[in-house]
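To start, the structure under review is shown below, and the notes come after it.
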Amino acid sequence: MKFSRLFLPTLKETPSEAEVVSHKYMLRAGLIRKLAAGIYSVMPLGVRVLRKIENIIREEMNRAGAQEVFLPSIQPSELWKESGRWDFYGKELLRVTDRHGREFCYGPTAEEVITDLVRNDVRSYRDLPLNLYQIQTKFRDEIRPRFGVMRGREFSMKDAYSFDMDEEGANESYQAMKKAYEAIFRRCGLRFSAVEADTGQIGGSSSHEFMVLADSGEDTIVHCEKCGYAANVERSRLPLPPTPADPAPHMAMEEVSTPGLGAVEDVAAFLKRDSTEFIKTLIFKTGLEERPLVAALCRGDHGINHVKLARAIGCAEASLADEVDVIKTTGAPVGFAGAPGLTIPVVADNWVRNMVNAVTGANKVDMHIVNINPERDFPEGTEWADIRQPIEGDPCPECAAAMGLAKGIEVGHIFKLGTKYSESMRATVLDAEGKEQMMIMGCFGIGVGRTAAAAIEQNHDEAGIMWPLAIAPFKVILLPLNANDEAVMDVAESIYRQLDESGLEPLIDDRDARAGVKFKDADLIGIPLQVIVGKKGVEQGKAEIKIRATGEKMMVDIAETPGHIAELVRKHAP
RNA sequence: CGGGGCGUAGCGCAGCCUGGUAGCGCAUCUGCUUUGGGAGCAGAGGGCCGGAGGUUCGAAUCCUCUCGCCCCGACCA
């Protein structure tokens, strides 16, 4: 491909809307342009990257026995009403009405459509297992799209759905997908972690998220260097705290005045106690009728994880109560709540249980209690659970080694769905005895554009993108520095032809531009290998090869350049 | 949804407070020079100042409404 013919408008300056690196470079390198909030056009260079990723996905999905289909993006409301999600999905579902007044939605996912397809055409256990996937545009009307294609509203996603006769088969399908995903992201050249994840509203027994490790990630994960355990914080398991070998004797509770001090840190400083000796009491709304408000407790230096709490309570979503509810339930303004005397249900984090002579709120303005001992002083019926946010250095649930925290970008998510959709939509097959059985389903997604963005987050420098070879839009860029010098152009073109014939996907910067411009653009768009052809080099029969990611440069004989490139491609291909 | 910010040429911005009919840098086009890290000089094109209404002799500028975009926040007691 000739640079002069390529629709590749690069930008010297970053458009003001971009905040994160991947977004900035995707705009500057001419990969995407914004049309509306969270909606982007993909330009030729961007399309080449997406196709690379898609093809890796296809190869690995096919290898894992899945078959590609292509489902409609516009889906009738009837199916969504049948699954119960027409009402449940809320405002993220973009609803449209056709000229006859029939309701449709733009598919944010395709469980309904695929389940409908399969239930109509699969009748026998002999047809299972079945795994169907597609790469399709999805639309989710996010409250706040941001970071370019990282959290867009319209985006391309690979979604796969597995159908099995029984649990065992479903597990096999799940494991096959997990293996395929690992292969996909490895081949894309990404550093990633498959972490245990929350199943959220979808339910089911297990779920893994594939996280590309990057500081700009929106998700936090805990991971153990020693044994490899890794989980989304929302799903993190924390072991019980060590029992103190020689606990101090329990002293009598006592109220102390803490005028105007509600926050743990302030009270701790005032009482000259460590925040680890505090018990924090938070009031949450549950949305449940039988217990609309719940008190959640954790150690002073810990935090409550809302998702873990919601799971412990058994509600859809737990959010902090407002001031009015706090006063109503505790009798004191925000900052002075404590478990003793509370009449609402109390859920306490496991790490609070064996605290001794701790400090907590007294449910009175400007008062705290010292020497509280949970087993002795907490209300009858207090529930104990793992509801807190992990912190750096927490022990691993598998091997007890200290764990670390990291930020990640969720590029893939795999779920065991169980019979959620096969039940609501009556997707059954006949087993060997001729009895109807619910199909056991799984679903598996990969964000294609997000994978590209994540690759940039992980592979860039001040000059621009450094594409991993496997997903680079071109593998090599030729930079003839003197477009007017026939000898230089001849050499560059001859190398270009040879690379092209070897399938090495070269791009040649044939523009009549200054060397600096070509270097800057080449670095920005991040082609992994650069071949620099200059006047002096040509006179000596040499060309220069530069590896974008490392900056490594080497002078090679012109005749041997294509061979060298081929060798480098072979060596650096993951 | 709440809060903050911004809409002026393809991109980055100034002008607005204190109304007088739009400017800078980059990019684009032409010519000459230059040519291994975003060249220099000379010239040129390109904007109903997001939109609507109002105030005024006169509005990018003041007022009202509206649309769009970006960022922050779901309260850690």
Side-chain angles (χ1 to χ4, degrees), chain A residues 9-20 23-24 27-28 30 33-39 90-91 143-148 258 260-268 275 278-285 295-306 309 317-327 329-330 332-339 342 349 359-368 387-389 391 463-464 479-485 488 509 511-524 530 532-538 543-544 546 551 553 555:
Chain A
T10 57
L11 301 175
K12 222 185 241 188
E13 281 170 292
T14 305
S16 54
E17 73 207 43
E19 196 76 7
V20 296
H23 190 194
K24 287 179 182 168
L27 290 166
R28 284 193 54 205
R33 287 292 183 263
K34 185 179 71 185
L35 182 64
I39 301 178
K91 289 188 175 167
I143 318 167
R144 189 147 88 81
R146 59 183 138 180
F147 306 148
T258 54
L261 304 174
V264 168
E265 280 179 19
D266 299 338
V267 182
S275 62
F278 280 69
I279 298 170
K280 205 152 66 174
T281 308
L282 309 176
I283 311 300
F284 279 86
K285 284 185 296 203
L297 312 195
C298 67
R299 210 170 74 183
D301 61 319
H302 288 153
I304 299 289
N305 182 289
H306 296 210
L309 175 66
E317 199 187 347
S319 58
L320 280 166
D322 53 41
E323 181 117 24
V324 178
D325 281 332
V326 172
I327 293 173
T329 49
T330 69
V334 169
F336 301 97
L342 285 183
D349 182 68
V359 184
T360 195
N363 296 326
K364 289 180 191 165
V365 190
D366 292 350
M367 296 297 279
H368 276 75
I387 56 173
R388 76 171 170 91
Q389 196 79 12
I391 58 174
L479 303 174
L481 299 184
N482 319 82
N484 298 320
D485 188 310
V488 167
D509 193 345
R511 294 175 301 173
D512 181 13
R514 298 172 65 85
V517 173
K518 296 190 179 188
F519 287 138
K520 292 286 183 192
D521 271 342
D523 287 349
L524 176 63
Q530 300 177 3
I532 301 156
V533 182
K535 211 187 279 185
K536 275 178 241 157
V538 168
E544 186 178 4
K546 178 182 154 190
K553 292 177 182 173
M555 295 298 293

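None of these values were measured; they are calculated from a predicted model. Order of the sequence lines sets the chain letters (A, B, ...), proteins ahead of strands, with each chain counted from 1.
As judged by a 4.0 angstrom heavy-atom cut-off over every strand, A:I283 is placed among the base-contacting residues. As judged by a 4.0 angstrom heavy-atom cut-off over every strand, A:E323 is placed among residues making no nucleic acid contact. As judged by a 4.0 angstrom heavy-atom cut-off over every strand, A:V326 is placed among the base-contacting residues. Nucleic acid contact for A:A36: sugar-phosphate only, since backbone atoms but no base atoms lie under 4.0 Å from a heavy atom of the residue. Nucleic acid contact for A:K536: none, since no nucleic acid atom lies under 4.0 Å from a heavy atom of the residue. Using a 4.0 Å heavy-atom cutoff across all strands shown, A:G534 reaches at least one base atom of the nucleic acid.
For a distance-only test at 3.5 Å, the side chain of A:D523 qualifies as a donor-acceptor partner of the base of B:G37. Looking at A:H306, its side chain comes within 3.5 Å of the base of B:C76 through a donor and an acceptor atom. Between the side chain of A:R28 and the base of B:G10, no donor-acceptor pair under 3.5 Å is found.
Comparing B:A14 with B:G5, their P atoms are spaced 15 Å from each other, to the whole Å. For the C1' atoms, the distance from B:C24 to B:C32 is 26 Å, rounded to whole Å. Spacing between B:U35 and B:G43 at atom P, rounded to whole Å, works out to 24 Å. Comparing the C1' positions of B:G4 and B:A9 gives a spacing of 28 Å, expressed to the nearest Å. Between B:U61 and B:C1, the distance separating the two C1' atoms is 33 Å to the nearest Å. Here, B:C16 and B:C62 have their C1' atoms 10 Å apart, quoted to the whole Å.
Base-pair partner of B:C76: not found among the strands shown (Watson-Crick or G-U wobble, both distances under 3.5 Å).
Pairing each heavy atom of A:A543 with each of A:V533, the nearest pair is CB-CG2, 4.5 Å.
With salt bridges taken as basic N to acidic carboxylate O contacts below 4.0 Å, none links A:K280 and A:D349.
Regarding contacts with the backbone of B:G38, every side-chain N or O of A:R514 stays at 4.0 angstrom or more from both OP1 and OP2.
Comparing A:N484 and A:D521 by the nucleotide of RNA chain B that holds the closest heavy atom to each, the one mapping nearer the 5' end is A:N484.
Set against B:C26, B:C71, B:G12, the side chain of A:K12 has B:C26 as its closest nucleotide.
Taking 4.5 Å as the limit, every side-chain heavy atom of A:L481 sits out of range of all side-chain heavy atoms of A:K536.
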